[in-house]
Amino acid sequence: MLKGLYTAASGMLAQQRRQEVLSNNLANANTNGYKADQGQLRAFPEMLLKSMESKQTSADNSRYVTTSKEIGSINSGVYVQETIPNFVQGDLRETGISTDTALVDGTYPDENGSVFFNLQTADGEAYTRNGNFTVDEEGFLTNDQGSYVLDTTGNPIQTNNQTYTMSADGSMQFTDGRNIQLGLSYVQDANLLDKQGENFYTASDEAQAADARATAGVTYNIVQGAVEGSNVDLQQTMADMMQAYRTFESNQKVLTAYDESLGKAVNEVGKL
């Protein structure tokens, strides 16, 4: 009976965690470049149940043999193993602001591959899909949190307060004649990136990042004056939240039933 308590309780915890993930997605439905998280539910290892029996093997009751018989397996519950961002392309939104830059997916040689803008944050180099860029008071191109946007050499892009036009491959042609290549990285498996705050990612030990321009089979398109929106599906998210709530409620009822059964076992059966 106690196994059922643990299973129901684990189900409640898993749905609570899933609800938190969905709520965070909903809160970022209007965040540029945001990729919706998906909670991955996993089952705990199954346990094999056996019945133990003792049989008398001598007339004087001096010897017994214990045998076991397999009943079957039982699952001990579920848990949220990890949350993985969904890197599907978000809708483009035109802003008319020349510093805003949208990265449009093309073709990639790897199933989970993706292209990102390169940023220089206080903690080191990072990647983002949020192209809501601006020029700071020193003339550097930055994102909306003030992190520097990098070129292909890994240096912050100094605009010198000059206007520029952006080509489809990420080349920036300034009015003073300069040409700077926007830093773009291709990650073979974007699911291996570590998701940080402020809507950016950092490379893990397993993630392999390379110059998107120098990687064979990688195609993309840069659109100036637009940003990539969030890929959160509002209707699906609301439906998933309702499902998580109902599943949590069902596990709660199971837990209550087990608690009432244990109460009867202690208070009534014990009197016999």
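Nothing here was measured: the structure is a model prediction, and the numbers come from that model. Counting from 1, the numbers follow the sequence of the chain as shown.
Between Met12 and Thr247, the closest side-chain pair of non-hydrogen atoms is not below 4.5 Å. Thr215 places none of its side-chain heavy atoms less than 4.5 Å from the side chain of Gln188. In this structure the side chain of Ser171 reaches within 4.5 angstrom of the side chain of Asn179, judged on heavy atoms. Looking only at side-chain heavy atoms (C-beta outward), Asn24 and Tyr34 come within less than 4.5 Å of each other. Contact of the Leu182 side chain with the Val149 side chain is registered, since non-hydrogen atoms from C-beta on lie closer than 4.5 Å. A heavy-atom distance below 4.5 Å is found between the side chains of Leu184 and Tyr220. Here the side chains of Gln173 and Ser167 are in contact, with some heavy-atom distance below 4.5 Å.
Under the 4.5 Å side-chain heavy-atom criterion for grouping Ile, Leu, Val, Met, Phe, Trp and Tyr, Phe117 is not connected to Leu193 through any hydrophobic cluster. Taken together through direct or relayed side-chain contacts under 4.5 Å among Ile, Leu, Val, Met, Phe, Trp and Tyr, Leu119 and Leu150 form parts of separate hydrophobic clusters. Cluster annotation: Phe248 is connected to Leu255 through the hydrophobic network of ILVMFWY side chains, with a link wherever side-chain heavy atoms come within less than 4.5 Å. Ile222 is connected to Ile180 through a chain of hydrophobic side-chain contacts under 4.5 Å among Ile, Leu, Val, Met, Phe, Trp and Tyr, so both are in one cluster. Under the 4.5 Å side-chain contact rule for hydrophobic residues, Leu141 and Val115 share a cluster.
Atom CG of Leu26 and atom CD of Gln19 lie 10.0 Å apart (nearest 0.5 Å). To the nearest 0.5 Å, atoms CG (Asn112) and CG (Asn191) are separated by 4.5 Å. Here the straight-line distance linking atom CG of Asn143 with atom CG of Asn132 works out to 8.0 Å at 0.5 Å rounding. The structure places CG of Asn160 at 8.5 Å from CZ of Phe140, a figure rounded to the nearest 0.5 Å. Note that the OG1 atom of Thr159 and the CZ atom of Phe133 stand 13.0 Å from one another [nearest 0.5 Å]. Distance check: Gln16 CD to Glu20 CD gives 5.5 Å after rounding to the nearest 0.5 Å.
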Problem set entry | Lys35/Asn86 under side chain to side chain contact (heavy atoms under 4.5 Å, CB included): CA gap, chis, key distance, verdict | CA-CA 6 Å; Lys35 301 302 180 184; Asn86 177 13; 5.7 Å; no

For this session: Kindly determine whether Arg18 and Gln243 satisfy side chain to side chain donor-acceptor pair (under 3.5 Å), including the steps that lead there.
Result: CA-CA 10 Å; Arg18 184 173 173 229; Gln243 181 190 50; 2.9 Å; yes

Problem set entry | side chain to side chain contact (heavy atoms under 4.5 Å, CB included) between Val223 and Val104, worked out | CA-CA 7 Å; Val223 179; Val104 181; 3.9 Å; yes

For this session: Step by step, work out the side chain to side chain contact (heavy atoms under 4.5 Å, CB included) result for Ser147 and Gln120.
Result: CA-CA 6 Å; Ser147 297; Gln120 180 65 47; over 6 Å; no

For this session: With side chain to side chain contact (heavy atoms under 4.5 Å, CB included) as the test, would you mind laying out the steps for Val187 and Gln208 before giving the verdict?
Result: CA-CA 6 Å; Val187 181; Gln208 298 182 16; over 6 Å; no

For this session: Evaluate the criterion side chain to side chain donor-acceptor pair (under 3.5 Å) for residue pair Asp136 and Thr142; output intermediate values, then yes/no.
Result: CA-CA 7 Å; Asp136 68 9; Thr142 66; 5.2 Å; no

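In the displayed structure, Asn161 atom CG is contacted under 6.0 Å by more than 12 heavy atoms of other residues, nucleotides or ligands. Other residues, nucleotides and ligands place more than 12 heavy atoms under 6.0 Å from the CZ atom of Phe174. Around the CG atom of Asn30, the shell of radius 6.0 Å holds no more than 12 heavy atoms that belong to other residues, nucleotides or ligands. In this structure, Asp205 places its CG atom where only 12 or fewer heavy-atom neighbours from other residues, nucleotides or ligands lie under 6.0 Å away. Atom CD of Gln196 sits in a crowded spot, with more than 12 heavy atoms from other residues, nucleotides or ligands closer than 6.0 Å.
Electrostatic pairing of Lys195 and Asp37 counts as a salt bridge here, judged by a charged N lying under 4.0 Å from a carboxylate O. The residues Asp105 and Arg129 are annotated as salt-bridged, a charged nitrogen and a carboxylate oxygen being separated by less than 4.0 angstrom.
Across every non-hydrogen atom of Gly90 and Asn231, the tightest pair is CA-CB, 4.0 Å. Between Glu228 and Val88, the shortest heavy-atom distance links the atoms OE2-O, 4.4 Å. What you find for Glu125 and Thr202 is that their closest heavy atoms are O-CG2, 4.2 Å. Residues Ala126 and Phe200 share a closest heavy-atom pair of CB-CD1, 3.5 Å. Residues Ala36 and Asn25 share a closest heavy-atom pair of CA-OD1, 3.6 Å. The shortest heavy-atom contact between Asn221 and Ala168 is OD1-CB, 3.0 Å.
Of the residues Leu103, Thr101, Asp144, Asp100, the one that meets the side-chain contact (heavy atoms from CB on, under 4.5 Å) test with Asn130 is Asp144.
For Ser230 (side chain) and Asn28 (main-chain N/O), a donor-acceptor pair under 3.5 Å exists by modelled atom type. Using a distance-only test at 3.5 Å, with no hydrogens or angles considered, no donor-acceptor pair links the side chain of Gln181 to the main chain of Thr152. Between the Thr237 side chain and the Asp233 main chain, a donor and an acceptor come within less than 3.5 Å of each other. Counting only distance, with no hydrogens or angles, the side chain of Thr163 and the backbone of Thr175 share no donor-acceptor pair below 3.5 Å.
Between the side chains of Ser204 and Asp194, no donor N or O sits under 3.5 Å from an acceptor N or O. Donor-acceptor pairing under 3.5 Å is lacking for the side chains of Gln158 and Arg178. Residues Thr121 and Asp123 have side chains that never bring a donor and an acceptor to within less than 3.5 angstrom of each other.
Side-chain rings of Tyr201 and Tyr127 stay apart, their centers remaining 6.0 Å or farther from each other. Taking the six-membered ring for Trp and the full ring otherwise, the centers of Tyr186 and Phe116 sit at least 6.0 Å from each other.
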